[in-house]
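Chain letters run A, B, ... following the sequence lines, proteins first and then strands; every chain starts at 1.
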Amino acid sequence: MGTRVRFSPAPTGYLHVGGARTALFNWLYARHVGGTFVLRIEDTDAANSRDELIEGIERSLRWLGIDWDEGPHRQSKRVELYAEAVAQLLAGGHAYYCDCTREQIEARTGPGGGARYDGWCRDRGLTSGAVRFRSPDTGQTVVPDLIRGDVVFEHSTIEDFVIQRTDGSAVFLLANAVDDVDMAITHVIRGEDLLPATPKVLLIRAALGAADVPVFAHLPLIVNEKRQKLSKRRDDVAVEEYRERGYLADAMRNYLVLLGWSPGGDEEIMGLERMIAEFDIVDVKPSPAFFDVKKLEAINGEYIRALPVATFVRDSLPWLEMDPPWPPEQFDLAVFERVAPFVQERARVLSDVPALVDFLFLDEPKTDPDAWEKGVARVPVAGDLLDDALAAYHECDWNPAALHEVTAALGERHGLKLAKAQAPIRVAVTGRTVGIPLFESLHVLGRERTLERLRRARERLSAP
RNA sequence: GCCCCCAUCGUCUAGCGGCCCAGGACACCGCUCUUUCAAGGCGGCAGCACGGGUUCGAAUCCCGUUGGGGGCGCCA
């Protein structure tokens, strides 16, 4: 029988970057070995079983290029299976009813006793309530792990845990065990935070009579700068959010695959084919990895630059059309296309794009005060420079080469290198000291609009 | 408190006993190219947590210490 893996998120409404990495590794492994990738939604908690929460996850998976061969199976639709399993465990003496409340348990175990359940109801013979799994008192369970080797858990350290709630619904541990058997999962690839739950699942599995045990691969956690597991509250964890900020799916995927794994050789920018060809779960490192947005950005920049210009233009459109810093009707795609190659080289995320071209679609450039100060106000000859530019631009040919030549010449007249001479003009026309190449910008902007902006800047400079 | 995992530059990693006085990438710092900024080119800074073993030889194997993290819910 072939390799079968599964990605089984709880529906939270969005795909967490940690979940995305887990999904990716499962998927890559399945593709690498020619196995089957199953998507299963672990929505045993009724409150989280809403369709829209699941759609968010599916959307992000698709965006990353991760497709599934089976599913999505939903645990909320498989409740009979779990009920049968619980009945079987109850009948076999592997489980028992319990009506203890959290408070009662803590009152008994006392301070320092930890949160472990004390087995109070083991032999009370109750016939209703929650159902607990009866953990063996002796022996051990070995979790075979491709990344960490065998991990051994003493049964004496495993409490009698709940497998079915008082309302009759199954808890994740039970559903998980039942489904992995039922779906014939051969490799369980998931986050390291689930490692302590694994012996419990294995115990249920054995009690249910499953003969075999899947192979596990507990992936290293993705952590924040404080070296803690990424949390929704403090960290940016939603894949969707990165998408909205202008990260490309290919770049995101490339970055994620590098968290805990690396290809052979020195080149870490790689396409899907190479990823699939080289990825193997046994090569994944066991230690946690910091989610470094700086590096994600760098990789994203590389991917943006590698795009064909037409693709870059198309991909940028959402950022140019949705909530742009200029009146929407003033946007001109043809104009954008002319400067796109220059923009492409400077954007690290697509959300950088509008600010690089806003001066082209605004009646007046948004002038940054610092830029004005540094680029114009504090330049002694700025006024003369602007006057000269005004005169020269009035006459000269209107193309980048001519503008370059003319501007260099008027700079020389004031003993300035072009680098210095262009600054006041750039600020006057674009509002900033930095940006895409100036002469190309002027060329695209047009003579009239350029002259108008230079005039206004000149006036502003003379004003007290 | 108990259980478990982890440990190479700031970060992601290569390294799986000699090829390593440790290689690449990001970040950072110079220089260069240059119409600014980017991009590119060149160079630099920076690491095997510590202590014991094993071995002719250890970043690599073993033990311990320290440090970090995860888990212990009628969440998943």
- Item | Distance (rounded to the nearest 0.5 Å) between A:Arg190 CZ and A:Thr22 OG1 |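 It is 10.0 Å, given to the nearest 0.5 Å.
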
- salt bridge (charged side-chain N to carboxylate O under 4.0 Å, His left out) with A:Glu440: which residues, sequence neighbours excluded?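 Scan of A:Glu440 (salt bridge (charged side-chain N to carboxylate O under 4.0 Å, His left out), adjacent residues dropped) gives none.
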
- Task: Answer with yes or no after comparing the ring centroid distance for A:Phe291 and A:Tyr242 against a 6.0 Å cut-off, counting only values under it.
- Result: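 Close enough - the centres of the two rings lie under 6.0 Å apart.
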
Integer angstrom distance from the [atom1] of [N] to that of [M]:
| N | M | atom1 | answer |
| --- | --- | --- | --- |
| B:rC4 | B:rG47 | P | 35 Å |
| B:rC42 | B:rC50 | P | 34 Å |
| B:rC12 | B:rU54 | P | 34 Å |
| B:rU8 | B:rG15 | P | 14 Å |
| B:rG1 | B:rA46 | P | 40 Å |
| B:rU13 | B:rA7 | P | 11 Å |
| B:rA22 | B:rG18 | C1' | 14 Å |
| B:rG43 | B:rC33 | C1' | 15 Å |

- Message: Parallel, tilted or perpendicular: which one describes the rings of A:Trp398 and A:Tyr393, with boundaries at 30° and 60°?
- Response: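 The rings of A:Trp398 and A:Tyr393 stand perpendicular, inter-plane angle above 60°.
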
Once you apply a heavy-atom cut-off of 4.0 Å, does [X] come out as touching a base, just sugar-phosphate, or nothing?
| X | value |
| --- | --- |
| A:Gly411 | nothing |
| A:Phe161 | nothing |
| A:Ile158 | nothing |
| A:Thr433 | base |
| A:Leu438 | base |
| A:Arg132 | sugar-phosphate |
| A:Leu259 | sugar-phosphate |
| A:Glu440 | base |

- Write down the atom of A:Cys100, the atom of A:Cys121, and the distance for their closest heavy-atom approach.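 For A:Cys100 versus A:Cys121, the nearest heavy atoms are SG-SG, 3.4 Å.
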
Is there a side-chain contact between [X] and the phosphate of [N], meaning an N or O under 4.0 Å from OP1 or OP2?
| X | N | value |
| --- | --- | --- |
| A:Arg102 | B:rC74 | yes |
| A:Ser262 | B:rA14 | yes |
| A:Arg165 | B:rA76 | yes |
| A:Thr44 | B:rA76 | yes |
| A:Arg348 | B:rA27 | yes |
| A:Arg148 | B:rC5 | no |
| A:Gln228 | B:rG69 | yes |
| A:Arg432 | B:rA38 | no |
| A:Lys200 | B:rC72 | no |

- Which of residues 284-295 of chain A have a heavy atom under 4.0 Å from RNA chain B?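 Residues of residues 284-295 of chain A that come under 4.0 Å of RNA chain B are, in numerical order, A:Lys285, A:Pro286, A:Ser287, A:Pro288, A:Ala289, A:Phe290, A:Asp292, A:Lys294, A:Lys295.
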
- Return the set of residues passing side chain to side chain contact (heavy atoms under 4.5 Å, CB included) with A:Trp319 (not counting sequence neighbours), or none when no residue passes.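 Only A:Leu350, A:Ser351, A:Pro354 meet the side chain to side chain contact (heavy atoms under 4.5 Å, CB included) criterion with A:Trp319.
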
- Message: Whether A:Arg21 engages the ring of A:Phe25 as a cation-pi pair (distance to the six-membered ring centre under 6.0 angstrom, angle to the ring normal within 45°) should be assessed.
- Response: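 Yes, A:Arg21 lies over the aromatic ring of A:Phe25.
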
- Query: For the side chain of A:Pro437, counting heavy atoms from C-beta on, which of B:rG71, B:rA76, B:rU35 is nearest?
  - Reply: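 For the A:Pro437 side chain, the nearest candidate turns out to be B:rU35.
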
- Any side-chain donor paired with an acceptor under 3.5 Å for A:Asn300 and A:Tyr255?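 Distance-only check fails for A:Asn300 and A:Tyr255.
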
- Query: Without hydrogens or angle criteria, can the side chains of A:Tyr82 and A:Ser169 be said to hold a donor-acceptor pair below 3.5 Å?
  - Reply: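 Checked: A:Tyr82/A:Ser169 side chains show no N/O donor-acceptor pair below 3.5 Å.
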
- Would one find more than 12 heavy atoms of other residues, nucleotides or ligands at under 6.0 Å from atom CD of A:Glu405?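 Count not over threshold, so no.
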
Sort out the partner of [N] for me: Watson-Crick or G-U wobble, both distances under 3.5 Å, none otherwise.
| N | result |
| --- | --- |
| B:rC26 | B:rG10 |
| B:rC45 | none |
| B:rU55 | none |
| B:rU36 | none |

- Could one point to a donor on the side chain of A:Thr166 or the base of B:rC74 with an acceptor on the other under 3.5 Å away?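 Checked by distance alone, the answer is yes.
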
